[in-house]
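Could you have a look at this structure, given as structure tokens, before my questions?
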Amino acid sequence: MNKRIPLATPTVHGEEMEYIKEAFERNWIAPLGFNCDGFEIEMAQYLDGGKTQALALASGTAALHLALKLAGVQPGDKVFCTDMTFVATVNPIVYEGGVPVFIDSERETWNMDPIALEKAFEKYPGTKVVMLAELYGTPAKTDEILALCEKHGAILIEDAAEALAASYKGRKCGTFGKYNAISFNGNKLITTSGGGMLLTEDKAARDKALFWATQAREPAPWYQHEEIGYNYRMSNVVAGIGRGQLKHVDEHKNLKEAVYRRYEEGLKDLPLSMNPYLEDTDPNFWLSCMLIDEGCAVDPMEVMKVLNEHNIEARPIWKPMHMQPVFAQNDFISACEKPVDEDIFARGLCLPSDIKMTAEEQDYVIDVIKKCFEQQ
Ligand SMILES: *Cc1c(COP(=O)(O)O)cnc(C)c1O
């Protein structure tokens, strides 16, 4: 193919420009304004009918950082954290001086294993915060994890950065934790070019996060500061992109699912499986991934190389955090003799999942993958 087939790129529709235009026409480029307010209200409405309180921020990472501050993480505190995830799940723990303890995945959703989490609570009783990421838009074993948090008096923070529009037993991801984060980074389900939101039902917590996100300015006639703050708010122009994108969030999810189903069908005769999910959940299928069967000699990095030679972008599975040099000192807890996530990392591959990819283009991707298996 002459045209590169990307992993995932922004898909825009036109309404975004209407909101941006309005911001320009009203000379409301800054400060915060109607697009931020509108985006927050519309997102909360979309997620759970407006029960959650949304705070629009400059990134999903900023949302996670403020969530950890709200949870009261202090220097030296351990935080149980998803091991196989993007590093942005973990970094904010370290910003606060917290110590991530990484928890292995299970095989049914590739997310945090409740059995390993239970082991972690036995090893480190009194741990107060659990950071759960939902990998590739697939809901985790949420009931089990919530039950463990409740049993041990821990706060759940949900990193739903990849899981907007996904749901677990009919309830949307991003509403299960006490504090939750979503992201609008460039390749997420919807994008603002860059941005994120903090979500919580606790109005006072949302107000406190807003205070920190705007340089912790005390209510005084002069600039009065009694705490350290941040410049974390989303701009009114950027929020306009988000409002336009949000109108298409379910459409994006449906197109993502169609991509997944075409891989499922097209690759069904090969010794591999697709990223799994539980029956009573509704993933957003942000990225379609394949897992090569155990014992099959095909190397996913070789498949990635061949795809790239055909101008097709694929990516490795997130490399587990306990394998990262920067976290070499951190503990990792698994319920299995051989860590599950190391195995998924070794046999898995993220496939192009752009919703603008045509059926013909995807057939071409499938054909190239098939050829990699024929040569074995
Ligand atoms: C994208 C992502 C983030 C961070 O979001 P940004 O908006 O890029 O800061 C956090 N966690 C996970 C799992 C992500 O995929």
Side-chain angles (χ1 to χ4, degrees), residues 7-10 36 39 43 54-69 79-96 98 100 102-103 105 109-112 129-140 142 145 156-166 173-174 176-177 179-199 209 213 230-235 238-239 241-242 245-246 249 252 256 275 283-289 315-321 324 327 341 344-345 348 350 353:
L7 189 82
T9 58
C36 279
F39 191 25
M43 181 60 79
L55 181 69
L57 297 165
S59 68
T61 309
L64 289 167
H65 185 191
L66 296 180
L68 286 153
K69 281 179 72 77
V79 175
F80 297 145
C81 181
T82 297
D83 185 51
M84 188 164 66
T85 182
F86 183 46
V87 71
T89 308
V90 190
N91 281 338
I93 298 172
V94 182
Y95 300 166
E96 285 304 299
F102 298 115
I103 311 295
S105 300
T109 74
W110 294 4
N111 288 302
M112 184 186 282
V129 179
V130 175
M131 171 70 87
L132 170 70
E134 285 136 335
L135 202 73
Y136 303 129
T138 304
T142 314
I145 289 168
L156 181 70
I157 298 176
E158 199 187 337
D159 177 0
E162 301 176 3
L164 178 61
C173 291
F176 287 95
Y179 312 111
N180 312 285
I182 49 178
S183 165
F184 312 114
N185 199 353
N187 68 4
K188 298 280 155 70
L189 191 71
I190 63 169
T191 182
T192 59
S193 76
M197 266 185 200
L198 176 74
L199 305 161
Y230 304 86
N231 180 7
Y232 271 177
R233 270 296 242 169
M234 180 181 276
S235 95
V238 159
I241 308 176
Q245 286 269 291
L246 185 56
V249 65
H252 285 200
K256 288 281 189 188
N275 45 331
N284 68 11
F285 300 96
W286 174 54
L287 291 185
S288 289
C289 310
R315 295 246 185 112
I317 300 292
W318 297 129
K319 183 177 178 178
M321 290 299 131
Q324 304 286 356
F327 297 121
D341 64 9
I344 295 170
F345 172 63
C350 300
S353 307

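Every number for a ligand or one of its atoms is a count from 1 in the order of the listing. Start at 1 with the first residue, then count along the sequence. Model, not experiment: these values are computed from the prediction.
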Of all the heavy-atom pairs spanning Arg233 and Leu55, show the shortest one and how long it is. NH1-CD1, 3.3 Å
May I ask you to identify, for Ser59, whether its side chain, its backbone, both or neither come under 4.0 Å of ligand 1 on a heavy-atom basis? both
Among Trp286, Tyr136, Trp318, exactly one meets side chain to side chain donor-acceptor pair (under 3.5 Å) together with Glu162. Which residue is that? Trp318
Note: Gly194 and Val238 closest approach over all heavy atoms is O-CG1, 3.6 Å
Side-chain (Asn284) to main-chain (Ala166) donor-acceptor, under 3.5 angstrom: no
So between Lys188, Glu162, Met131, whose heavy atom ends up nearest atom 2 (C) of ligand 1? Lys188
Looking at ligand 1, is there an atom of it that comes within less than 4.0 Å of some heavy atom belonging to Gly194? no
Counting heavy atoms only, name the option from Leu287, Asp159, Thr192 that's nearest to atom 12 (C) of ligand 1. Asp159
Here the atoms of ligand 1 under 4.0 Å from any heavy atom belonging to Gly195 are 7 (O)
Answer yes or no: does an N/O atom from Trp318 fall short of 3.5 Å to an N/O atom of ligand 1? no
What atoms of ligand 1 come closer than 4.0 angstrom to any heavy atom of Ala161? 2 (C), 3 (C), 10 (C), 11 (N), 12 (C), 14 (C)
Do any nitrogen or oxygen atoms of Gly60 lie less than 3.5 angstrom from nitrogen or oxygen atoms of ligand 1? yes
Roughly how far, to the nearest 0.5 Å, is the CD1 atom of Ile145 from the CZ atom of Phe80? 12.5 Å
Quick one: does Glu134 get within less than 4.0 Å of ligand 1, heavy atoms only? no
In the protein, which heavy atom is nearest to atom 8 (O) of ligand 1, and how far is it? Asn185 ND2, 2.9 Å
The side-chain contact (heavy atoms from CB on, under 4.5 Å) partner of Ile182 among Leu198, Leu199, Asp159 is Leu199
Give yes if a backbone or side-chain nitrogen or oxygen of Thr61 is under 3.5 Å from a nitrogen or oxygen of ligand 1, and no if not. yes
Determine whether the side chains of Asn185 and Ser183 contain a donor N or O and an acceptor N or O closer than 3.5 Å. no
N/O to N/O below 3.5 Å, does that happen between Thr85 and ligand 1? no
Considering only protein heavy atoms, which is closest to atom 5 (O) of ligand 1, and at what distance to one decimal place? Ser183 OG, 3.2 Å
Per-atom filter on ligand 1: closer than 4.0 angstrom to a heavy atom of Ala88 are 3 (C), 4 (C), 10 (C)
Ser353 side-chain N/O to Leu287 backbone N/O, donor-acceptor pair under 3.5 Å: no
Is the shortest side-chain heavy-atom distance between Leu68 and Tyr95 below 4.5 Å? no
